[in-house]
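Scroll down for the structure; my scribbles are underneath it.
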Amino acid sequence: SIMTNFGMTTEAVTVALLLYPFMNMFITWIAGFVSDKVGRKPIIVTAGILAVGGFVCFNVSAFLGASPYLVGFFYGLYLPCWWQVLDFVGMMVAESTPTYNRASMIGAVGLLRLIGQALGMLIPVIAPLLFKQIGFGYMVSVVPPVAIGLVLLTWKVKDTNGVDLNTIGD
């Protein structure tokens, strides 16, 4: 794991991981209520920025040997925020696709996610060849595409909050 690769002990990793379920619960709860008020797109952008920032801070704090609580805080920030991004992007696809091809579009997005996951499985194989610490390999390979995706979403995608699903495609 990234934490053990950066020299954290099993005990320290256990302490760091203790924060994750609580932060996941809190972030999921907040995102659900807030998205109904302000829209899906602001949640995706905010959670995406927090996921990228949290991921970088998670790696750096683990690398610098910071407190397991701080490492755990950043881990508990980036991962739930990343899941929120994926979930809300799926919602936006469902809310912006006409009924007659909604299932096909959701399937296509699932296929793209699968391709991304397959490429993601290559990172642990390639990163050690390029970087002494696997966390830095992840940062270099993951952060730029996510940042580009957030910029594109911000500028090119219309929010779907409050859309009437019966009027899509009319």
Side-chain angles (χ1 to χ4, degrees), residues 1-3 13-62 66-99 101-121 123 135 138-139 141-168:
S1 81
I2 290 172
M3 289 185 254
V13 171
T14 302
V15 169
L17 293 177
L18 175 70
L19 296 174
Y20 171 76
F22 300 103
M23 292 189 68
N24 189 11
M25 175 188 65
F26 179 73
I27 289 169
T28 302
W29 180 70
I30 293 293
F33 285 111
V34 173
S35 74
D36 288 336
K37 300 281 186 228
V38 301
R40 316 291 185 237
K41 187 173 161 181
I43 292 296
I44 294 170
V45 172
T46 303
I49 291 168
L50 289 172
V52 168
F55 184 66
V56 170
C57 291
F58 161 66
N59 278 282
V60 171
S61 64
S67 161
Y69 293 102
L70 183 63
V71 175
F73 172 79
F74 289 126
Y75 181 80
L77 178 66
Y78 101 80
L79 196 53
C81 284
W82 178 245
W83 293 126
Q84 292 306 311
V85 168
L86 294 177
D87 289 345
F88 280 95
V89 165
M91 275 187 241
M92 285 186 74
V93 169
E95 293 173 344
S96 62
T97 308
T99 304
N101 71 349
R102 189 169 296 140
S104 297
M105 185 58 78
I106 292 172
V109 169
L111 179 61
L112 291 174
R113 282 186 186 168
L114 183 64
I115 292 168
Q117 288 173 341
L119 292 173
M121 286 190 259
I123 295 171
Y138 276 108
M139 282 193 297
S141 58
V142 172
V143 170
V146 171
I148 290 168
L150 288 172
V151 168
L152 290 173
L153 181 98
T154 301
W155 288 340
K156 298 291 184 182
V157 177
K158 191 171 97 175
D159 202 343
T160 60
N161 191 38
V163 70
D164 180 1
L165 296 177
N166 294 318
T167 63
I168 296 173

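Only heavy atoms go into these numbers, but all of them, side chains included; no hydrogens, no water, no symmetry mates. What you see is a predicted model, and the numbers here were worked out from it, not measured in a lab.
- Ring geometry, Phe26 versus Trp29: the interplanar angle falls from 30° to 60°, so the pair is classed tilted.
- In plain terms, the two heavy atoms of Leu150 and Val45 that are nearest each other are CD2-CA, 4.1 Å.
- In this structure, Val71 and Pro68 have side chains that are not in contact, with every pair of non-hydrogen atoms separated by 4.5 Å or more.
- Residue Thr46 holds its OG1 atom at 12.5 Å from CD1 of Ile30, rounded to the nearest 0.5 Å.
- Residues Ile27 and Leu77 are in side-chain contact: their nearest non-hydrogen atoms beyond the backbone lie under 4.5 Å apart.
- Under the 3.5 Å distance criterion, the side-chain polar atoms of Arg113 are left unmatched by any main-chain donor or acceptor of Ala108.
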Val34 and Ile43: CA distance, side-chain angles, deciding distance, side-chain contact (heavy atoms from CB on, under 4.5 Å) verdict: CA-CA 8 Å; Val34 173; Ile43 292 296; 3.6 Å; yes
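- Looking at Val89 and Ile44, their side chains come closer than 4.5 Å, going by heavy atoms from C-beta outward.
- For the pair Tyr78/Leu50, no side-chain contact is recorded, criterion being any heavy-atom separation below 4.5 Å from C-beta on.
- Checked by atom type and distance alone, the side chain of Arg40 never pairs as donor or acceptor with a backbone atom of Phe88 at under 3.5 Å.
- Between Phe58 and Phe74, a ring centre-to-centre spacing not shorter than 6.0 Å is recorded.
- Put simply, CG on Leu70 and CG on Leu19 are 10.0 Å apart, with the number rounded to the nearest 0.5 Å.
- When side chains are defined from C-beta on, Trp82 counts as touching Val146, because their heavy atoms get closer than 4.5 Å.
- Note that CG of Leu18 and CE of Met23 are 12.0 Å apart. Values are rounded to the nearest 0.5 Å.
- Contact annotation: the side chain of Cys57 never approaches that of Phe73 to less than 4.5 Å [non-hydrogen atoms, C-beta and beyond].
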side-chain contact (heavy atoms from CB on, under 4.5 Å) between Ile2 and Phe55, intermediate numbers included: CA-CA 11 Å; Ile2 290 172; Phe55 184 66; 4.2 Å; yes
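- In this structure, Gln84 CD and Met91 CE are separated by 7.5 Å, a value rounded to the nearest 0.5 Å.
- Closest non-hydrogen pair, Ala94 versus Ile106, comes out as CB-CD1, 3.9 Å.
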Apply side-chain contact (heavy atoms from CB on, under 4.5 Å) to residues Tyr75 and Met3 and explain how you reach the verdict. CA-CA 10 Å; Tyr75 181 80; Met3 289 185 254; 4.3 Å; yes
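- Taken from OH in Tyr20 to CE in Met25, the straight-line distance is 12.5 Å, to the nearest 0.5 Å.
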Test log, rule side-chain contact (heavy atoms from CB on, under 4.5 Å), inputs Asp87 and Thr28: CA-CA 10 Å; Asp87 289 345; Thr28 302; over 6 Å; no
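- Remark: Ser35 OG to Met92 CE distance equals 11.0 Å, nearest 0.5 Å.
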